[in-house]
Amino acid sequence: MSESTCYHCGNDCNKTVIQFDQKIFCCNGCKTVYDIFSSNDLSCYYDLQSSPGAIPEEIKGKYEYLDTPDITKKLIEFDDGNTQIITLYIPHIHCSSCIWILENLHKLQPAITASQVNFPKKNIRITFNSNRISLKELVILLNSIGYEPYISLDDYTAGKKQINRSLIYKLGISGFAFGNVMFLSFPEYFEVSEYWLEQYKPLFRWLMFAFSLPVVFYASLDYFISAFKGLRSKILNIDVPIALGILVLFVRSTAEIIFDWGTGFFDSLTGLVFFLLLGKFFQQKTYSFLSFERDYKSYFPIAVTRISTAKQKNKRKEENIQVYDIKKGDRLLIRNNELIPVDAILIDGNAQIDYSFVTGESESVTKQSGDTLFAGGKQLYGAIEIEVLKSVEQSYLTQLWSNDVFNQDKSASFTNLTDNVSKYFTITILCIAILATTFWLFTDSSKAAQVFTAVLIIACPCALALARPFALGNILRIFGKTKFYLKNADVIEQFAMADTMIFDKTGTITTTITNDVSYEGMKLTPEEESLLKNTLRASNHPLSRTLYNILDEHDILTLDEYQEYVGKGIEGKLQETSIKIGSASFAGNDKDYETIDTSVYISTNQEYKGRYVFHNQYRKGVQKIFKQLSKDHKLAILSGDNEGEKKHLKQILPQNTSLLFNQKPDDKLNYISSLQKNNQKVVMIGDGLNDAGALAQSNVGIAISENVNVFSPACDAILDATKFNMIPKYLQVSKQAIAIIKSSFVVSFLYNCIGLYFAVTGQLSPVIAAILMPLSSITIAAYVTILTNWAGKKIT
């Protein structure tokens with residue numbers, strides 16, 4: 001082999017495209033095919049710009065239009081000058097190996113920072129550095145590894161969905177072949193001895209062989225590809241025994257007609273593929289019917305403040321509206337640490353935008369009036385006013401919430417129920433098939449192939465794989481209807497496993513809507529009241545919002561300086577006047593009060609002025625909720641407030657409830673971490689603001705939503721405040737869902753045991769096994785769906 005010979009295909013390389021591990025490859029495809037499935041460390045790097053000979057000219061020319069700025073602007077959904085994000089439709093995504101490749105693109109091209117696959121929609125959302133790789137080069141990269149994206153500007157602008165009809169075509173071909181092979185097999189079934197049938201028997205057999213060819217090499221191709229990729233990745237997926245069964249049936253049947261041993265198993269082979277595809281078609285239809293996809297109108301109970309366009313100067317009205325009511329042209333108020341829900345233009349205010357929700361990069365950017373702001377950015381510096389460019393898009397917010405940046409630790413440490421049960425399933429079935437076949441080879445060799453294929457098909461783990469997504473997906477949908485919005489199905493399982501429930505106090509077990517507020521201290525001047533009102537306007541803390549709503553109206557002003565100190569308070573400045581609002585120590589008050597109610601302290605220009613005292617109103621049913629939860633869970637209150645409510649809480653809450661006050665955000669996080677070190681499964685319920693760290697640290701973090709924009713990727717679920725009293729019922733339904741899944745596993749195992757008995761004893765033909773396999777999937781799907789609907793009636 002010469003120095004310029006490709007290590008994989010043997011062709012001569014005019015230019016070195018990839019040199020990795022002292023090996024040369026002539027094209028990206030050769031490198032990918034050779035290495036991508038067998039290595040978890042793809043430390044290779046290639047630059048498409050520096051190796052123009054790597055890409056055929058016809059491929060380059062095909063995507064020349066992506067160099068046109070007007071076209072790429074319509075395709076790119078986020079662009080801050082350095083980082084771009086695009087969602088591409090990839091019709092060739094069909095298995096877990098495809099997902100693995102596409103979500104590891106950063107190992108092939110370092111300019112790609114993240115890639116996330118939406119398997120049901122066959123989409124991939126890619127975040128990349130536009131200074132290091134262009135959109136055209138990105139698309140060429142995808143093409144070179146066999147995942148050519150389908151790009152249509154009409155579809156992007158009109159929002160049409162691409163329909164993949166390949167499954168329907170394959171189902172039609174396999175069904176046509178199955179029917180004809182069965183028809184041609186009738187003389188063999190009934191042992192008809194007519195002269196002309198006997199004379200044309202070889203022709204019939206070869207016709208059956210011809211009908212089986214498109215079934216094996218087209219209709220069942222996905223099973224072989226998935227099995228091959230799984231084996232190259234050292235993974236025994238569920239398609240391995242299926243592909244093996246198809247291959248054994250075809251080889252055995254072909255050998256029989258070639259050597260005139262018999263008619264073969266072409267009827268069983270075509271029937272097997274037909275019923276497998278029919279089961280897959282049923283699964284897709286059922287998922288579509290149950291509508292497991294999240295919809296932003298249902299899953300995000302978040303609101304935003306809209307500023308009305310009143311004609312009178314300085315008489316503008318502010319109102320809270322739901323996100324999906326936002327229209328183009330609306331003017332919105334975005335407070336400190338609030339999320340920008342739509343693409344918009346900055347109108348007024350000092351914008352310091354954190355796009356880490358979108359890009360994963362923590363460095364914030366400064367924007368000036370007239371600049372474009374993208375959905376998903378978080379305002380870090382006071383309040384700003386924006387004008388909406390387009391309405392909110394649900395898939396965008398859903399992807400923000402599901403971004404791997406915010407759930408890596410939890411997902412890495414959690415193994416779901418199905419993975420635990422089915423880990424060794426394929427190995428066990430293969431062992432049973434081999435042992436049974438070996439037995440029949442010595443007992444009755446004519447039954448060996450039939451037994452081998454029957455075992456592989458009847459014990460297909462499809463039913464096991466279906467139980468959990470159908471059950472938890474249905475519960476996810478039911479919870480959403482009752483205003484309990486979960487990030488994903490894993491949250492239900494972790495919620496059911498919890499043994500410790502921790503609650504924040506202010507804004508969680510208390511309501512910020514009906515609080516009684518009184519003022520104690522020196523009277524504020526009109527200028528100080530105006531500064532207080534405008535400083536509170538920028539804050540999203542429950543106490544700040546309550547206080548803002550009860551103060552008299554003042555002119556809306558843009559602060560010169562604004563800073564929020566988590567766990568302490570907020571500070572604002574306008575011209576020569578500064579104000580501090582927050583805890584007693586933050587506002588400079590060292591005086592001890594006889595009463596220690598929840599209070600907000602005020603100081604202006606370093607002079608203490610007074611305090612607003614809040615008399616908490618607890619949510620309806622708090623006492624009953626804690627009593628129900630205390631039966632099976634350890635309970636705790638973690639509050640950043642002082643101990644003013646401790647005596648009252650001791651009277652209404654169970655005796656074993658831990659009460660911890662004066663807790664800073666770090667204290668809450670560390671407390672939860674210490675419980676987890678003792679193997680406790682913790683659910684944290686807070687307001688999503690100062691509790692962000694605790695929500696992220698807990699096994700399940702639930703943010704309570706009242707009438708503010710509390711969306712935070714730190715939480716795993718959002719609960720509408722009006723449904724707070726239903727927490728025990730949600731917990732009960734979650735536990736019932738897990739019990740339903742476990743019972744479906746028992747049903748599936750019993751089904752497999754019965755089927756395996758007939759298979760290993762040679763009493764079950766492959767075609768009957770192929771009918772029973774999708775039938776078991778249908779049974780399990782119907783079983784878990786009916787039972788979870790019944791369980792969900794408790795909350796609906």
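Fair warning: this is a prediction, and the values are worked out from it, not measured in the lab.
Aromatic ring centres of Tyr223 and Phe228: separated by at least 6.0 Å.
In plain terms, the two heavy atoms of Ala219 and Val273 that are nearest each other are CB-CG1, 4.0 Å. Between Ile76 and Gln84, the shortest heavy-atom contact is CD1-OE1, 3.6 Å. What you find for Arg132 and Glu137 is that their closest heavy atoms are O-OE1, 4.3 Å. Smallest separation of non-hydrogen atoms from Ile112 and His106: O-CB, 3.1 Å. The two residues Val215 and Ala177 have their closest heavy-atom pair at CG2-CB, 3.4 Å. The minimum heavy-atom distance between Phe224 and Ser220, with the atom names listed, is CD1-O, 3.3 Å.
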task: Output, in order, the C-alpha distance, side-chain angles, deciding distance and verdict of side chain to side chain contact (heavy atoms under 4.5 Å, CB included) for Glu77 and Thr87.
output: CA-CA 8 Å; Glu77 63 186 55; Thr87 299; 2.9 Å; yes
query: Step by step, would you call Leu105 with Leu142 a side chain to side chain contact (heavy atoms under 4.5 Å, CB included)?
result: CA-CA 9 Å; Leu105 289 176; Leu142 291 170; 3.8 Å; yes
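Here the straight-line distance linking atom CZ of Phe374 with atom CG of Asp79 works out to 6.0 Å at 0.5 Å rounding. Of the inter-residue distances, the one linking Leu221 atom CG with Ile246 atom CD1 reads 10.0 Å to the nearest 0.5 angstrom. Distance check, rounded to the nearest 0.5 Å: CG of Leu138 to CG of Leu66 gives 9.5 Å.
The aromatic rings of Phe217 and Phe250 lie perpendicular to each other, with more than 60° between the two planes, well past the 30° mark.
Leu373 has its side chain out of reach of Asp343: every pair of non-hydrogen atoms, C-beta onward, lies at least 4.5 Å apart.
Summarising the local packing, CZ of Phe176 is surrounded by 12 or fewer heavy atoms from other residues, nucleotides or ligands at distances under 6.0 Å.
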